[in-house]
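Residues: numbered from 1 along the sequence shown. Both ligands and their constituent atoms are indexed starting at 1 by order of listing.
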Amino acid sequence: MSFDIQKLVRSHIADLKPYSSARDEFDPVEGEVVYLDANENPFYNGVNRYPDPQQRKLKEVIAMRRGLAANQLLLGNGSDEVLDLIFRAFCIPNKDNIIVMPPTYGMYKVLANINCIFLDEVPLSNDFQLVTKDIFNHISSRTKAIFLCSPNNPSGNSFHRADILSLLKSFDGLVVVDEAYIDFSTQKSLVTELPYYPNLIITQTLSKAFGLAGIRLGFCMASEEIINILNKIKPPYNINSLTQERAISALQDWDATLEQITQLIAERKRLFVQLKTISFVKKVYPSDANFLLVRVDDADKRYTQLIQNNIVVRNRSKQVGCENCLRLSVGTPQENQILIETLNRLSS
Ligand SMILES: *Cc1c(COP(=O)(O)O)cnc(C)c1O
C-alpha cells in the first residue's frame with residue numbers, strides 16, 4: 001500500500017488559506033488585558049466572549065482519556081459535522097465514491113448525497129459481519145473512503161478486528177471507523193492502531209455513553225496530517241463555550257460515566273434474556289452497544305402496539321437484512337421493566 005494523504009485531499013483544500021479569527025491571532029492570556037479585537041460585547045455574563053476556536057482545554061482532557069496526543073483530535077458539533085468535514089476535504093463531487101456496508105448508520109448515505117459523492121453499498125453478511133472479499137472487489141481508483149461502524153448501528157455487533165485491519169492494510173484511501181458505541185463494547189477502540197495506519201480516522205461522540213446528546217459534541221482521531229487538513233475547513237467557532245465546559249466536567253467525572261455504562265450493559269444482558277421469552281420474538285441479536293436489534297413476527301404490528309402503550313422504539317424493518325426488526329434502546333431499569341411487562345401482555 002502506498003498511502004499519501006496529499007494525493008487524497010482535494011487540491012483547492014490543500015491550497016486553501018483558512019479564515020483567521022481574532023482568537024487565532026491573539027491567545028487570551030492571564031491577567032488584566034483589554035480585549036478590543038473581536039467586536040464582542042464587553043459586559044460580562046459568562047458567555048460574552050468567543051470560545052477557544054481550538055478547544056485546547058477540552059482536547060487535553062479527551063486526549064488524556066483516549067490515550068493520544070491533543071493534535072490528533074478534531075472536534076465537531078456532533079460526529080455528524082466531523083463526518084461532513086471528511087467528505088468536504090477529501091471527496092470530489094460527481095467523481096469520487098465511498099463504500100458503506102448496509103445495514104448501517106444512515107448518515108453516511110445522506111452525507112454522500114448532500115456532497116454529490118457516489119455511494120457503493122456492500123451488504124454485511126447474514127450475521128452482520130464485513131465481507132472483506134466483496135469490499136475489495138468494489139474498491140476502484142475513485143474510492144476515497146470506506147465508512148464502517150463498529151459496534152454497528154442498527155445490528156449492535158462489533159466487526160472482527162482482523163477484518164478491519166486487513167482493510168486498513170490493503171486500501172490506500174481512508175478508512176473511517178465510527179466508534180459511537182465503543183464504550184459499551186467488549187472490543188477495544190482502534191485508537192491504539194493510529195500510529196500504524198496513516199489512513200485510519202476514528203470518530204466518537206459524547207452523545208451515547210457520556211449521556212450528553214444535547215450538547216452536540218463529536219470528534220475524530222487521526223494522524224496530525226489529517227487533523228490539520230480538517231482543521232482548515234471547520235467553522236472557526238464550531239464548539240460553543242457551554243458545550244466545552246460541560247464536556248470537560250463530564251470527561252473529568254469518568255467514574256460516574258462508567259457506573260452508568262456498567263448499569264446499561266447489565267440491563268442489556270437482562271433484556272436480552274427476557275426478550276427471548278416473548279412468544280412473538282424470533283431472534284435477539286447479540287449486542288456490543290446500548291441497544292438491541294430484535295426480529296419479531298410482524299414489525300409494523302408490534303411497533304404500532306408499542307406506540308399504543310406509550311413505548312417508542314425504532315422500526316428498522318426497511319433496512320437490508322433487517323426484515324421485521326425493531327431496534328430497542330436500553331432504558332433505565334424501570335423503563336425496561338415497563339417494556340418487558342408490556343411485551344408479555346401483548347404476547348399472551
Ligand atoms: C448516535 C450515533 C452517532 C452520534 O452522532 P452525534 O452527531 O455525535 O450525536 C454517530 N454514529 C452512529 C453510528 C450513531 O449511532
For E179 and Q204, what are the C-alpha separation, side-chain angles and deciding distance, and is it a side-chain hydrogen bond (donor to acceptor under 3.5 Å, both in side chains)? CA-CA 5 Å; E179 293 189 337; Q204 292 187 359; 2.9 Å; yes
Shortest non-hydrogen contact from N157 to D127? ND2-O, 4.0 Å
Using ring centroids (six-membered ring only for Trp), state whether Y105 and Y108 fall under 6.0 Å. yes
Would you say the ring centers of Y197 and F171 fall short of 6.0 Å from each other?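 Between Y197 and F171, the centre distance exceeds or equals 6.0 Å.
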Near ligand 1, which protein residues have a heavy atom under 4.0 Å away?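 Within 4.0 Å of ligand 1, protein side: G78, S79, D80, Y105, C149, N153, D178, A180, Y181, T205, S207, K208, R216.
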As a quick check of understanding, evaluate side-chain hydrogen bond (donor to acceptor under 3.5 Å, both in side chains) for S21 and D24, giving each step before the final call. CA-CA 5 Å; S21 70; D24 283 319; 2.9 Å; yes
Just say parallel, tilted or perpendicular for the rings of F291 and Y181, cut-offs at 30° and 60°. perpendicular
